[in-house]
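Written out below as structure tokens is the structure these notes cover.
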Amino acid sequence: MAEDLKAKIITEKLPKHIAVIMDGNGRWAKKHGKPRVFGHRNGVKAVRETTEAAAELGVEYLTLYAFSTENWNRPRLEVNALMTLLVETIRGEVSTLNKNNIRLQAIGDINKLPSKSQKALLEGIEETKNNTRMTLVLALNYSAKWEIMQAVKSIANQIETKQLRSEEINEQTFENELSTSGIPDPELLIRTSGETRVSNFLLWQIAYAELYFTPILWPEFRKEHLYRAIIDFQNRERRFGQISEQLTR
Ligand code: IPE
Ligand code: IPE
Ligand code: MG
């Protein structure tokens, strides 16, 4: 079944970068009469499957939204559990990432994470830095508005110190200041759990992304669901402002 779907994917039209808003852990846990944390724990399996499937296909970048700046407003116990899970998961997955030649990176305000989480994350990044098959980017304590403000401040500072003139500001100079600098924009953004919003994720970078929403709750997301999203993406016509007849096929 999953293999049949995989066979339908056109390798030449594969998105280079897929971003995922992993949502629905809490509802999945509730459905099973369990505490929310149970949902987060089971979400790790979906992370593993999605990462593996993307790498096998030849996707170059996979960005997973794991914790937003707004998520600090959740009950303290849930936040703590998420931070612990982050440490455990990174520590537990590094050897698999290395085996699969996957490099780990992070975007977001990492300095504000608990020191244990930062440590595990930085170690994971360091230990996988020479891997070349795919880059797995974890968005942690991430907020797109925060990221854009950071870029604005950095550019303002470069002007103040006369390293840059305002006429020199363009999309490229701006993008250089984003935490995704050097990473191509995602062509496909997937959100699970049936919510159809962007929740402060990669606002600049998804300017022309195809959005794919699925009712599947994150802990149930498997390779076949990623394949379905990619097939859907490949059947869309990306016009970038042009009309259908102008596009060369
Ligand atoms: C996504 O699942 C995980 C995080 C935001 C960390 P949720 O925890 O948001 O699950 P729901 O949306 O409450 O079901
Ligand atoms: C978005 O999910 C953030 C992550 C997936 C980490 P949320 O569940 O926090 O989003 P909202 O609050 O429902 O928009
Ligand atoms: Mg949610």
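Whatever order the structure lists them in is the order used to number ligands and atoms, beginning at 1.
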Handout entry: Under 3.5 Å side-chain donor-acceptor pair for H40 and E78
Key =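 Yes, E78 and H40 have a side-chain donor paired with an acceptor closer than 3.5 Å.
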
Problem - Per-atom contact, atom 12 (O) of ligand 2, protein heavy atoms, under 4.0 angstrom - result: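 Within 4.0 Å of atom 12 (O) of ligand 2, no protein heavy atoms are found.
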
Practice task
Return a yes/no value for G26: is any of its N or O atoms, backbone included, closer than 3.5 angstrom to an N or O of ligand 1?
Solution key: yes

Practice task
Please check if the distance between the ring centroids of F240 and Y208 is under 6.0 Å.
Solution key: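 Ring-ring flag for F240/Y208: true, centres closer than 6.0 Å.
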
Practice task
Write the atom name of the N, O or S atom in D23 that is nearest the Mg ion (ligand 3).
Solution key: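 Minimum-distance N/O/S atom of D23 relative to the Mg ion (ligand 3) is OD1.
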
Practice task
Ignoring angles and geometry beyond distance, decide whether Y65 reaches within less than 3.5 Å of ligand 2 through its nitrogen or oxygen atoms.
Solution key: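 By distance alone, the answer is no.
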
Contact check, side chains of [X] and [Y], non-hydrogen atoms, under 4.5 Å:
{"X": "M83", "Y": "K116", "result": "no"}
{"X": "N25", "Y": "N42", "result": "no"}
{"X": "I183", "Y": "H17", "result": "yes"}
{"X": "I9", "Y": "I231", "result": "yes"}

Exercise for the section: Considering the heavy atoms of A66, write down every atom of ligand 1 situated less than 4.0 Å from one of them. Expected result: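 Contacts of ligand 1 toward A66, numbered from 1: 6 (C).
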
Exercise for the section: Compute the minimum heavy-atom distance from G24 to ligand 1 and say whether it is under 4.0 Å. Expected result: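 For ligand 1, residue contact (heavy atoms, under 4.0 Å) with G24 is present.
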
Handout entry: Heteroatom test (N, O or S) for E195 near the Mg ion (ligand 3), limit 2.8 Å
Key =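 Short answer: no, not a single N, O or S atom is under the cut-off.
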
For [atom], what's the nearest protein heavy atom and its distance?
{"atom": "atom 1 (C) of ligand 1", "answer": "M22 O, 3.0 Å"}
{"atom": "atom 2 (O) of ligand 1", "answer": "N25 N, 3.2 Å"}
{"atom": "atom 9 (O) of ligand 2", "answer": "N71 ND2, 2.9 Å"}
{"atom": "atom 10 (O) of ligand 2", "answer": "R191 NH2, 3.3 Å"}

Practice task
Please work out whether the ring planes of F174 and W204 are parallel, tilted or perpendicular, with thresholds of 30° and 60°.
Solution key: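 Plane angle between 30° and 60°, so tilted.
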
Practice task
Check the angle between the aromatic planes of W28 and F38 and answer parallel, tilted or perpendicular using the 30° and 60° thresholds.
Solution key: parallel

Exercise for the section: Provide the number and element of each atom of ligand 2 under 4.0 Å from a heavy atom of R197. Expected result: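 By the 4.0 Å cutoff, the relevant atoms are 11 (P), 13 (O), 14 (O).
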
Problem - Element-labelled atoms of ligand 2 that are located less than 4.0 Å from some non-hydrogen atom of S199 - result: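 That gives atoms 10 (O), 11 (P), 14 (O) of ligand 2.
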
Fill in the blank from the handout: At under 4.0 Å between heavy atoms, what of R27 touches ligand 2? The answer is neither

Exercise for the section: Mind checking whether F67 contacts ligand 2 via backbone (N, CA, C, O), side chain (CB onward), both or neither, at a 4.0 Å heavy-atom cut-off? Expected result: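 Backbone only; the side chain of F67 stays clear of ligand 2.
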
Exercise for the section: Please name the residue in the list R236, Q234, R228 that meets the side-chain hydrogen bond (donor to acceptor under 3.5 Å, both in side chains) test with D232. Expected result: R236

Practice task
Can you figure out which of R36, H40, E70, R74 has its heavy atom closest to atom 5 (C) of ligand 1?
Solution key: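 Looking at heavy atoms only, the winner is R74.
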
Practice task
For the pair T51 (side chain) and V47 (backbone), establish whether a donor and an acceptor sit closer than 3.5 Å, ignoring hydrogens and angles.
Solution key: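 Yes, the answer is positive, given that a donor and an acceptor are paired below the 3.5 Å cut-off.
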
